[in-house]
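Heavy-atom basis, side chains included; hydrogens, waters and symmetry copies ignored.
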Amino acid sequence: YRVAWRAPAVSPEPEGGVMSAKPRVDAVRATVVALAGILAFALVALASLGGAEAARQQLSCGDTITADTTLDGDLLDCPNNGLVIDADDITIDLNGHRIDSDSSPFASCGQNEFCDIGLLNRGHDGITVRDGSVREFAFGVLLVSARHNRVVEITVSRSAGTGIILFRSSRNRVIRN
C-alpha cells in the first residue's frame, strides 16, 4: 500500500506580521448569535414553567382558568361565579374538592353577564371538567356556545336553578354526574 501525504497549505504571514481582524469579528458574531439563541430558549422555558406554576397555585372564587388546572382545596362561600373557563382544550380537575357559593343571590349582575354560576364555559371547546362537586349556585355548570366538552363525575346540588346546562352547545358529553 502506498500512502500519499501532503502538508496542508500554509498561507503566507500577512504584511507587517499582523493578522486581519475579520476572522475574529466573525467569531464574535457567531458567539453573540449562539448566546441570543440560548437566551431565547431559556426565556421560553421560564415562561412555560411560570404557566405550569400558576396552574398549581391555590385558586380563588371567580378565577379565570386558561391552562390545565387541579384544585388543591375547596373553594367556599364564592360571592359570584366559582370558576370561569377562558381557553380551549384544557382540563380542570376538581380533585374531589367542592366549589361552593355563599348561597345569596348575586344582585348586581349586569346585562349580558353570567353571574352566580359554579363552573362557567362561554364559548370554549375541548374542555374537560372532572371529579368534584358544585353547590348552592344559581346554576351549577353552564356551557354556552361550546363544543366537544366533557363534564365527568361532577355532583351538583342545592342549585337555585338547573344543575348542568348546555345552551347552544353541541357534541358535549355529561358522564356519571
Side-chain angles (χ1 to χ4, degrees), residues 38-177:
I38 291 169
L39 180 61
F41 176 76
L43 289 174
V44 168
L46 283 173
S48 66
L49 285 175
E53 183 62 31
R56 276 188 233 114
Q57 293 176 355
Q58 177 59 36
L59 298 172
S60 298
C61 295
D63 279 354
T64 299
I65 308 299
T66 59
D68 290 341
T69 301
T70 300
L71 240 60
D72 291 333
D74 294 341
L75 298 181
L76 302 175
D77 298 323
C78 295
N80 188 358
N81 293 322
L83 295 176
V84 178
I85 298 163
D86 196 23
D88 292 337
D89 302 313
I90 61 172
T91 297
I92 299 174
D93 186 350
L94 299 185
N95 198 25
H97 294 289
R98 177 178 66 206
I99 301 175
D100 178 76
S101 172
D102 63 3
S103 15
S104 61
F106 191 76
S108 62
C109 190
Q111 188 174 357
N112 297 324
E113 285 186 49
F114 290 100
C115 299
D116 207 25
I117 312 293
L119 289 164
L120 173 61
N121 176 358
R122 187 174 187 177
H124 294 285
D125 302 331
I127 306 301
T128 299
V129 179
R130 65 178 314 109
D131 188 30
S133 63
V134 177
R135 73 177 197 175
E136 297 182 336
F137 288 92
F139 303 100
V141 179
L142 176 59
L143 280 67
V144 179
S145 302
R147 296 170 32 110
H148 302 286
N149 294 282
R150 297 178 349 139
V151 179
V152 182
E153 296 183 4
I154 298 292
T155 301
V156 180
S157 62
R158 299 182 189 172
S159 295
T162 306
I164 299 173
I165 301 172
L166 289 82
F167 181 73
R168 292 188 179 166
S169 297
S170 62
R171 301 179 188 243
N172 294 290
R173 296 182 69 192
V174 178
I175 305 166
R176 292 185 301 275
N177 294 291

Heavy-atom closest contact ([X] atom, [Y] atom, distance):
X      : Y      : result
Ile154 : Asp131 : CD1-N, 3.8 Å
Leu142 : Phe114 : CD2-CD2, 3.3 Å
Arg150 : Ile175 : NH1-CD1, 4.3 Å
Asn81  : Asp116 : OD1-N, 3.1 Å
Asp89  : Asp68  : O-OD1, 4.2 Å
Val152 : Arg176 : CG1-NH2, 4.0 Å

| query | Given Ile85 and Val129, is the side-chain contact (heavy atoms from CB on, under 4.5 Å) satisfied, shown in steps? | reply | CA-CA 10 Å; Ile85 298 163; Val129 179; 4.0 Å; yes
Quick one: pull up [atom1] in [X] and [atom2] in [Y] and give me the separation to the nearest 0.5 Å.
X      : Y      : atom1 : atom2 : value
Ser101 : Leu75  : OG    : CG    : 11.5 Å
Ile99  : Ile92  : CD1   : CD1   : 7.5 Å
Glu136 : Asp77  : CD    : CG    : 8.0 Å
Ile165 : Leu120 : CD1   : CG    : 10.5 Å
Leu166 : Arg171 : CG    : CZ    : 14.0 Å
Leu83  : Thr69  : CG    : OG1   : 8.0 Å

| field | Step-by-step side-chain contact (heavy atoms from CB on, under 4.5 Å) determination, His124 to Asp86 | value | CA-CA 7 Å; His124 294 285; Asp86 196 23; 3.1 Å; yes
| Given the rule in the side-chain contact (heavy atoms from CB on, under 4.5 Å) test, do Ile90 and Thr66 qualify, once you have shown the distances and angles that lead to the verdict? | CA-CA 7 Å; Ile90 61 172; Thr66 59; 5.9 Å; no
Backbone N/O of [Y] and side chain of [X]: donor-acceptor pair under 3.5 Å:
X      : Y      : result
Ser169 : Ser145 : yes
Asp88  : Gly126 : no
Asp102 : Ser104 : yes
Asp74  : Arg98  : yes
Asn149 : Ile127 : yes

Quick check: do [X] and [Y] have side-chain heavy atoms less than 4.5 Å from each other?
X      : Y      : value
Leu143 : Val151 : yes
Val156 : Phe137 : no
Pro79  : Cys61  : yes

| Residue pair Asp93 / Thr91, side-chain donor-acceptor N/O under 3.5 Å |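 Judged by distance alone, the side chains do not pair up.
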| request: Please report the C-alpha distance between Val141 and Val174 in whole Å, then the side-chain angles of each, then the deciding distance to 0.1 Å, and finally whether the side-chain contact (heavy atoms from CB on, under 4.5 Å) criterion is met. | output: CA-CA 11 Å; Val141 179; Val174 178; over 6 Å; no
| query | salt bridge (Lys or Arg N to Asp or Glu O under 4.0 Å) with Arg135: which residues, sequence neighbours excluded? | reply |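 Salt bridge (Lys or Arg N to Asp or Glu O under 4.0 Å) list for Arg135, sorted by chain: Asp100.
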